[in-house]
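Notes follow once the structure below has been shown.
Both counts, for ligands and for their atoms, begin at 1 and track the order of listing. What you are looking at is a predicted structure, and each value in this text was computed from that prediction instead of being measured.
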Amino acid sequence: MKAALLVATFTLIFVYLNGGQAAKPHIVFIVADDLGWNDVGFRNPQVLTPHLDKLAKTGVILNSSYVQPVCSPSRNCFMSGYFPYHTGLQDGVIRPTSPGFVPIKFTFLPQKLKELGYSTHVVGKWHLGFCNLKYTPTYRGFDTFVGYYTGAEEYYKHTREYDKFSGYDLRFNTSVYSEAKGKYSTRVFAERAVDIIKSHDKDTPLYLYLPFQAVHAPLEVPPEYENLYKHIQDLPRRTYCGMISALDEAVANITDALEETGLIDNLLLVFTTDNGGPFHGAANNLPLRGCKATLWEGGTKGAGFIYSKTLLKKTGYLNTGMMHAVDWYPTFVELAGGENTDPNMDGISQYDMLINGGPSKRKEFVYNIYDKSNSSAIRYGDLKLTRGSPGSHSDWYPLPHYGEGSDDPPQENVYQFRPYMLFNISSDPTEHFDLSAKYPELVAMMKQRLENWEKTRVPAYQPPDDPKSNPDLYGGNWSPGWC
Ligand SMILES: *[C@@H]1O[C@H](CO)[C@@H](O)[C@H](O)[C@H]1NC(C)=O
Ligand SMILES: *[C@@H]1O[C@H](CO)[C@@H](O)[C@H](O)[C@H]1NC(C)=O
Ligand SMILES: *[C@@H]1O[C@H](CO)[C@@H](O)[C@H](O)[C@H]1NC(C)=O
Ligand SMILES: *[C@@H]1O[C@H](CO)[C@@H](O)[C@H](O)[C@H]1NC(C)=O
Ligand SMILES: *[C@@H]1O[C@H](CO)[C@@H](O)[C@H](O)[C@H]1NC(C)=O
């Protein structure tokens with residue numbers, strides 16, 4: 001009796017000293033670039049990702065987690081919690097020479113997490129604007145940044161060529177980071193992440209955002225990883241698979257550091273792709289239709305999982321609950337003990353679904369509503385409506401095995417699409433059967449919903465290329481200062 005009372009008293013004091021809450025969990029948010037649905041070992045045994053597989057299988061595999069068709073728009077979702085057709089980023093990526101950005105009025109996730117006491121770090125690809133310092137990571141909520149501003153570059157030289165321009169693109173905070181010249185980016189970023197983890201004060205909650213360069217083009221990997229796949233004849237596929245295995249090792253090094261420091265004991269790890277795989281770049285999305293840059297499931301259904309040693313009530317299963325990239329923002333805010341106070345945000349906290357294994361709070365979402373072309377797709381329950389063309393790659397692309405050293409993709413079919421198409425994603429996740437002719441009343445209902453969503457569309461902001469972006473004007477570096 002006395003002992004129990006003593007324990008209770010100490011618990012009370014402990015809770016009081018901790019502000020009445022358990023310590024806030026650390027969050028590690030890993031994003032792979034251009035990783036296809038079928039490019040993870042837990043789905044396709046051709047791909048060797050033993051560490052990712054282990055985390056996925058002892059965590060929760062996300063089977064209905066949607067992303068945008070291309071890079072900048074998905075990253076916009078992660079950082080702002082808004083669909084890109086609400087921020088002006090719906091029409092595509094930010095090109096190196098175009099002064100695009102996510103408007104400053106959107107509070108980025110790390111800004112919000114800093115208010116909640118987090119240390120915030122980003123390692124890897126930004127791709128959310130850099131023409132002015134105010135659009136860059138350390139001005140948008142991150143304490144530190146090691147990475148690059150543009151959407152793609154050389155993995156060793158860290159240079160990006162675009163149009164007639166060429167420049168180095170790697171930074172530590174706002175300074176050019178030339179020490180990493182010649183070093184493979186997956187290693188540079190893993191090492192930096194390990195440094196952050198090892199020097200982190202355990203009592204401060206950590207938000208570590210890790211948007212890896214891997215496995216985006218150009219296809220480059222140290223030979224020891226490519227050599228794991230000597231049996232794959234197709235050279236691009238062999239290299240691409242090697243890049244995934246290097247990424248797998250990077251994640252292993254990071255989780256080792258999390259174990260060593262004990263951060264893993266109160267941590268949520270998320271792994272997701274930013275969009276579907278580009279089949280012409282050796283990725284694979286089978287059994288899904290289409291690929292990166294299309295509104296088909298192959299472009300928008302993201303490979304991903306979550307893992308935690310201590311926070312998940314239910315583990316080791318496939319979660320089929322519907323979620324979208326915009327949901328991470330409010331989910332993390334809730335996990336951090338905060339509240340999402342923005343009633344207009346598109347994201348919905350999926351804390352209950354992810355942490356407790358409860359039902360999804362989401363019944364519908366916008367795949368995208370393009371501005372220039374009007375092409376769009378929405379989801380409502382089982383149903384998906386498309387308007388216009390979902391994109392120019394609309395086949396079910398086989399695993400590349402075109403022949404020794406060859407990289408000629410197969411001839412693509414040419415389709416004539418109806419102006420509106422209707423798919424039942426629950427019964428037909430691979431989009432083989434357009435039901436629009438069979439269910440005109442469902443098409444009308446879905447069209448109404450699309451038009452409703454569309455009312456809040458903002459114009460796409462895709463400013464023309466600006467020669468003032470020329471790296472030659474900044475000592476050979478892609479740099480802020482031209483908008
Ligand atoms: C980056 O910024 C952080 C936070 O201001 C600072 O502690 C660190 O020393 C900076 N690192 C470099 C290399 O500029
Ligand atoms: C993982 O760590 C080992 C040991 O430090 C290192 O040799 C290897 O290059 C690291 N791998 C990556 C992808 O960073
Ligand atoms: C896009 O839709 C609007 C409204 O439905 C229409 O006025 C416009 O002509 C369409 N533009 C294109 C390029 O189809
Ligand atoms: C869509 O598929 C689900 C699952 O098979 C089914 O329950 C539902 O009735 C279907 N909806 C339509 C409109 O066919
Ligand atoms: C998971 O997603 C795939 C691809 O869309 C689908 O084929 C499969 O049926 C889904 N699994 C479950 C259990 O819903």
Residue, atom name and distance, where the atom is the protein heavy atom closest to [atom]:
atom: atom 5 (O) of ligand 5; result: K301 NZ, 2.5 Å
atom: atom 6 (C) of ligand 2; result: N253 ND2, 4.2 Å
atom: atom 7 (O) of ligand 5; result: P429 CG, 3.7 Å

Item to check | Pi-cation contact, Y155 with R160 (under 6.0 Å, within 45°) | outcome: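 Output no; distance or angle outside limits.
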Item to check | Distance under 6.0 Å and angle within 45° of ring axis: R238 vs Y229 | outcome: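 So R238 doesn't make the cation-pi contact.
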Next on the checklist: Classify the ring geometry of H393 against H280: parallel below 30°, tilted from 30° to 60°, perpendicular beyond 60°.
Outcome noted: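 Because their plane-to-plane angle lies in the 30° to 60° range, the rings of H393 and H280 count as tilted.
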Next on the checklist: For the 3.5 Å polar cut-off, considering only N or O atoms, please tell me whether T144 and ligand 1 meet it.
Outcome noted: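 In fact, backbone or side chain, T144 has no N or O that close.
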Checklist entry - Between T430 and ligand 5, which residue portion shows a heavy-atom distance shorter than 4.0 Å: side chain, backbone, both, or neither? => result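 For T430, there is no contact with ligand 5 at all, from either part.
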Less than 6.0 Å separating the ring centroids of [X] and [Y]?
X: F29; Y: F78; answer: yes
X: H324; Y: Y66; answer: no
X: F145; Y: F172; answer: no

Show me which atoms of ligand 2 lie under 4.0 Å from any heavy atom of [X].
X: A190; result: 14 (O)
X: R187; result: 9 (O), 12 (C), 13 (C), 14 (O)
X: E249; result: 1 (C), 8 (C), 9 (O), 10 (C), 11 (N), 12 (C), 13 (C)
X: A246; result: 13 (C)

Item to check | Within-cut-off N or O pair, W37 and ligand 5, under 3.5 Å | outcome: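 N/O-N/O distance under 3.5 Å: no.
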Next on the checklist: I'd like to know if atom 9 (O) of ligand 1 has any protein heavy atom within a distance of less than 4.0 Å.
Outcome noted: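 Not a single protein heavy atom is under 4.0 Å away.
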Item to check | Nearest option to atom 14 (O) of ligand 1, as decided by whichever heavy atom of N173, T138, V146, D143 sits closest | outcome: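 Going through N173, T138, V146, D143 one by one, N173 has the nearest heavy atom to atom 14 (O) of ligand 1.
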Next on the checklist: For residues 116-135, which residue pairs pass the side-chain hydrogen bond (donor to acceptor under 3.5 Å, both in side chains) check, not counting sequence neighbours?
Outcome noted: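 Counting only pairs at least two positions apart or across chains, the side-chain hydrogen bond (donor to acceptor under 3.5 Å, both in side chains) contacts touching residues 116-135 are D33-K125, S72-H127, H121-T144.
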